[in-house]
Each structure stands twice: as structure tokens, then as C-alpha cells.
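Note sheet for the following structure.
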Amino acid sequence: QVHLVESGGGLVQAGGSLRLSCAASGRTARNYAMAWFRQAPGKEREFAAVISWNGGYSYFADSVKGRFTISRDNDKSTVYLQMNDLKSEDTAVYYCAASLSHSTVVQSPDRRENYDYWGQGTQVTVSS
């Protein structure tokens with residue numbers, strides 16, 4: 001069992017930056033690939049970024065590539081999403097997700113059903 005808690009959301013002006021954190025609890029938390037998804041009002045939840053259990057692999061959605069970075073600190077069981085050059089279209093609730101299957105995540109990182117655990121989300125609002 002893995003419990004995920006996101007933090008770091010808030011209100012920021014367009015062009016600004018935020019860093020989200022996802023703290024994972026559970027004895028095997030460091031073995032999970034970790035991802036960030038987001039859901040804007042009236043839209044489906046969409047994939048943003050993923051990182052493998054050891055940080056050796058990462059992948060980003062085209063919409064955030066070049067602006068967002070993902071990292072993890074397994075000693076702290078925490079994954080980070082650094083968001084730079086934020087745009088109004090980045091406004092959403094951001095969710096952290098964990099997957100024990102590295103192969104399925106590499107093959108299809110954007111499929112929600114490939115993730116076993118989800119956090120409750122943190123709101124990010126970008127004002128223009």
C-alpha cells in the first residue's frame with residue numbers, strides 16, 4: 001500500500017514558477033514509477049510527466065516539455081514537479097500517481113489505468 005500526498009500548489013502569475021511535491025509513504029514507495037497528471041475544469045485528467053523508480057527515465061507530455069522537470073529523492077520518498085514559464089492553460093488540479101510496473105509505464109505513460117495509487121491533488125492556478 002502506498003499513500004501519496006501532494007503539496008506546493010497555489011496561485012501564480014503567468015510566466016512564474018511553482019514546485020509541486022508528492023510525499024509517498026509505504027515500505028516499497030521507492031520502487032514505484034511516479035507520475036504527475038492534471039485535470040482542468042470540465043476536462044479529463046491528462047498526463048503531464050513520469051519518472052522511473054531510480055530517476056533514470058523520464059517522459060513529458062508535449063504540452064509541458066521544456067517547461068516542466070520531474071525529479072525524485074528516494075531517501076525522502078518524495079517526487080517533485082518543477083513548473084516554469086507557467087501559462088493560464090496550466091491551471092488545473094495536479095495529481096501524483098504511482099505505478100509498480102516500469103514496463104507498462106514506459107510503454108504507455110499516459111494511461112491512467114497503468115497507475116496503482118493516486119493522491120488527492122493540489123490546485124494550481126495561473127493568472128494571466
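Y115 and V5 fall into different hydrophobic clusters, where Ile, Leu, Val, Met, Phe, Trp and Tyr are joined by side-chain heavy atoms under 4.5 Å apart, directly or via other members. There is no path of hydrophobic side-chain contacts, each under 4.5 Å, that joins V50 to M83. Both Y94 and V12 are assigned to one and the same hydrophobic cluster, defined by single-linkage of ILVMFWY side chains at heavy-atom distances under 4.5 Å.
A side chain to side chain contact (heavy atoms under 4.5 Å, CB included) with M34 is found for exactly one of L81, L4, I70, namely L4. The one candidate from I51, V64, L20 that meets the side chain to side chain contact (heavy atoms under 4.5 Å, CB included) condition with W36 is L20.
Side-chain contact annotation: R72 with N74, donor-acceptor N/O pair under 3.5 Å present. Side-chain N/O atoms of S99 and N114 include no donor and acceptor closer than 3.5 Å. Between the side chains of Y80 and R19, not a single donor N or O lies within less than 3.5 Å of an accepting N or O.
Annotation: side chain of V126 is not in contact with side chain of K87 (no heavy-atom distance under 4.5 Å). Taking the side chain as every heavy atom from C-beta outward, Y59 and V105 never approach each other to under 4.5 Å. The side-chain heavy atoms of W53 and L100, taken from C-beta on, include no pair separated by under 4.5 Å. For the pair R67 and S17, the minimum side-chain heavy-atom distance is 4.5 Å or more. Side-chain contact between V124 and T91 is absent, with no heavy atoms from C-beta onward closer than 4.5 Å. Using a 4.5 Å heavy-atom threshold, the side chains of L11 and Q123 count as separate.
For the pair S77 (side chain) and A23 (backbone), a donor-acceptor distance under 3.5 Å is absent. In terms of modelled atom types and a separation under 3.5 Å, the side chain of T78 and the main chain of K76 share a donor-acceptor contact. Under the 3.5 Å distance criterion, the side-chain polar atoms of R111 are left unmatched by any main-chain donor or acceptor of Q107. Remark: the backbone N or O of G121 is paired with a side-chain donor or acceptor of E6 at under 3.5 angstrom.
The neighbour count for E113 CD, taken as heavy atoms of other residues, nucleotides or ligands under 6.0 Å away, is above 12. Within 6.0 Å of the NZ atom in K65, the count of heavy atoms belonging to other residues, nucleotides or ligands exceeds 12.
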For ring-ring contact (aromatic ring centres under 6.0 Å, His included), just list the numbers for F47 and F60, CA-CA rounded to whole Å, side-chain angles, deciding distance to a tenth of an Å, and then say yes or no. CA-CA 8 Å; F47 167 80; F60 298 88; 8.2 Å; no
W118 vs F37, test: ring-ring contact (aromatic ring centres under 6.0 Å, His included). Steps then yes/no. CA-CA 10 Å; W118 292 83; F37 283 71; 5.0 Å; yes
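Figure legend: cation-pi geometry between R45 and Y95, with NZ or CZ positioned under 6.0 Å from the six-membered ring centre and within 45° of its axis.
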